[in-house]
Amino acid sequence: MSSIDSRQQQDAAELFHRLHAGPRPLVLVNAWDAVSARMVERAGAQAIGTTSAGMAWSMGYADGERMPVDELLAACARICRVASVPVTVDIERGFGDSTQAVCDVVRSLVDMGVAGINIEDGTLPGTRQLAPPEILCERIQALRKIDARLFINARTDTYFVANDDPAARYQDTLRRARLYASAGADGIFVPGMASLEEIAGLADAVPLPLNVYAGHAKAPSVDVLAGAGARRISLGCGPLQAALGVLGRIAAEAFDSGSTNNNGGFRAMAAEMIPAGEINGLFAGVRR
């Protein structure tokens, strides 16, 4: 697995920090492999974020740290090899049972040039109970010692567990966000938080860039989320879900090609095809 010059990685990390302080939020259309990363970059991405679910699915695993860590690292190395913008990697809870194991994973990512990571508190294995925030605080503190400028985006899953008290859930989110900020996080990510009022409240209460998830059909526009205080907007596995939906339509149309109801041949495929030469061009000049 190739590594890059440490100065290059530091430059990428510095740029990634600056992208969170620009006039508009940083929008991440998350990639799951090398070609999706190049397509997103060609469309104008300022940075590439990975989707843990998308990477797992593309390699034949369910989401939730079920793919082997070596496969995660190999996929990230391929993305870093072709990307010319900063790359941030979703490592879920860290792909390790201990803080030391998580640090080993992140050192490998830093060596390949990664500028940032997402790391979450999540739930305790085999339960629907949120992990104590102290676990993630310990990991953030240890990771900060590995690389002072690595952008650590601390995610809390408070909105992914059952809670009959919305006010208490928001207060727990705020408490965890403040703890993660104190531990050394650079950003806070709260997927599932959809209320613009809550987004605005959290953005005001925590002095770190707030990351909002917009990989679903009912997500507000970038401008609306920016107005509420979001500084980073992620689409997560939404783009791959959409791409798989298109693939399903292409397949259904092809399998139905002998039917009298199919008068268009392969219209679903033809409508969005990119010429092969154009795709090859995405990798012109990319190092081996």
Side-chain angles (χ1 to χ4, degrees), residues 17 20 25-26 28 30 49 51-53 63-65 88-103 105-106 116-147 150-216 219 225 228-234 236:
H17 275 268
H20 290 78
L26 171 62
L28 296 177
N30 300 74
T51 158
S52 62
D63 190 22
E65 295 192 17
T88 182
V89 174
D90 184 349
I91 61 170
E92 302 186 55
R93 294 188 65 202
F95 281 84
D97 294 331
S98 67
T99 295
Q100 182 59 53
V102 173
C103 286
V105 171
V106 173
I117 58 164
N118 275 16
I119 185 166
E120 66 198 50
D121 46 23
T123 56
L124 294 170
T127 76
R128 293 297 301 161
Q129 179 183 349
L130 278 172
E134 291 77 16
I135 296 175
L136 183 52
C137 286
E138 178 184 297
R139 293 180 177 185
I140 292 169
Q141 290 168 342
L143 294 174
R144 180 53 65 221
K145 294 176 183 177
I146 292 175
D147 187 334
L150 179 75
F151 194 102
I152 300 174
N153 201 36
R155 164 177 155 168
T156 180
D157 282 357
T158 47
Y159 282 71
F160 285 165
V161 296
N163 193 320
D164 295 329
D165 188 341
R169 178 174 61 186
Y170 175 79
Q171 288 302 318
D172 188 30
T173 303
L174 177 57
R175 179 179 70 91
R176 287 171 180 260
R178 286 173 168 161
L179 286 171
Y180 302 152
S182 296
D186 299 294
I188 299 297
F189 184 24
V190 191
M193 177 182 277
S195 162
L196 294 176
E197 181 180 356
E198 289 185 338
I199 291 170
L202 194 64
D204 286 341
V206 180
L208 293 179
L210 177 61
N211 188 174
V212 174
Y213 179 69
H216 55 94
L225 291 171
R231 298 302 309 150
R232 173 165 160 176
I233 297 168
S234 304

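Computed from a predicted model, the values in this text were never measured in an experiment.
Summarising the geometry, atom CG belonging to L26 is positioned 9.0 Å from atom CD1 belonging to I233; distances are rounded to the nearest 0.5 Å. Separation of atoms CD1 (I146) and SG (C103) is listed at 4.0 Å; rounding is to 0.5 Å. In this structure, OG on S234 lies 9.0 Å from CG on D90, to the nearest 0.5 angstrom. Rounding to the nearest 0.5 Å places CZ of R128 at 8.5 Å from CG of D157. Note that CG of L225 is 5.5 Å distant from CD1 of I199, once rounded to the nearest 0.5 Å. Distance check: L124 CG to L130 CG gives 8.0 Å after rounding to the nearest 0.5 Å.
The backbone N or O of R178 lies less than 3.5 Å from no partner atom in the side chain of R175, so there is not a single donor-acceptor pair.
For the pair T156 and F189, the minimum side-chain heavy-atom distance is 4.5 Å or more. Looking at D186 and L150, their side chains never come closer than 4.5 Å, going by heavy atoms from C-beta outward. Side-chain contact between R232 and T88 is present, with at least one heavy-atom pair separated by less than 4.5 Å. For the pair N153/I119, no side-chain contact is recorded, criterion being any heavy-atom separation below 4.5 Å from C-beta on. Looking only at side-chain heavy atoms (C-beta outward), Y159 and Y170 come within less than 4.5 Å of each other. With contacts defined as side-chain heavy-atom distances shorter than 4.5 Å, the pair R155/F160 qualifies. Between T123 and V161, some side-chain heavy-atom pair lies under the 4.5 Å cut-off.
Classification of the H20-F151 ring pair by plane angle, with boundaries at 30° and 60°, yields parallel.
For the residue pair S52 and D63, the shortest heavy atom distance occurs at OG-OD1, 3.5 Å. Across all non-hydrogen atoms, the minimal contact from A228 to A203 is O-CB, 4.1 Å. The two residues L208 and A185 make their nearest non-hydrogen contact at CD1-O, 3.4 Å. Summarising the geometry of F95 relative to E92, their closest heavy-atom pair is CZ-OE2, 3.6 Å, with the distance given to 0.1 Å.
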Exercise. Step by step, work out the side chain to side chain contact (heavy atoms under 4.5 Å, CB included) result for V212 and M193.
Key: CA-CA 7 Å; V212 174; M193 177 182 277; over 6 Å; no
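A salt bridge between D172 and R169 is absent, with no side-chain N of the basic residue lying under 4.0 Å from a carboxylate O of the acidic one.
Within a 6.0 Å radius of CG in D97, other residues, nucleotides and ligands contribute 12 heavy atoms or fewer.
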Distance-only check: which donor-acceptor pairs under 3.5 Å involve side-chain atoms of residues 135-143, not counting sequence neighbours?
| residue | atom | partner | partner atom | Å |
| --- | --- | --- | --- | --- |
| E138 | OE2 | T99 | OG1 | 2.5 |
| R139 | NH1 | R93 | O | 2.7 |

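By the salt bridge (charged side-chain N to carboxylate O under 4.0 Å, His left out) test, D121 is found to be paired with R176, residues two or more places apart in sequence or in another chain being considered.
Between the side chains of T51 and N30, no donor-acceptor pair of N or O atoms lies under 3.5 Å.
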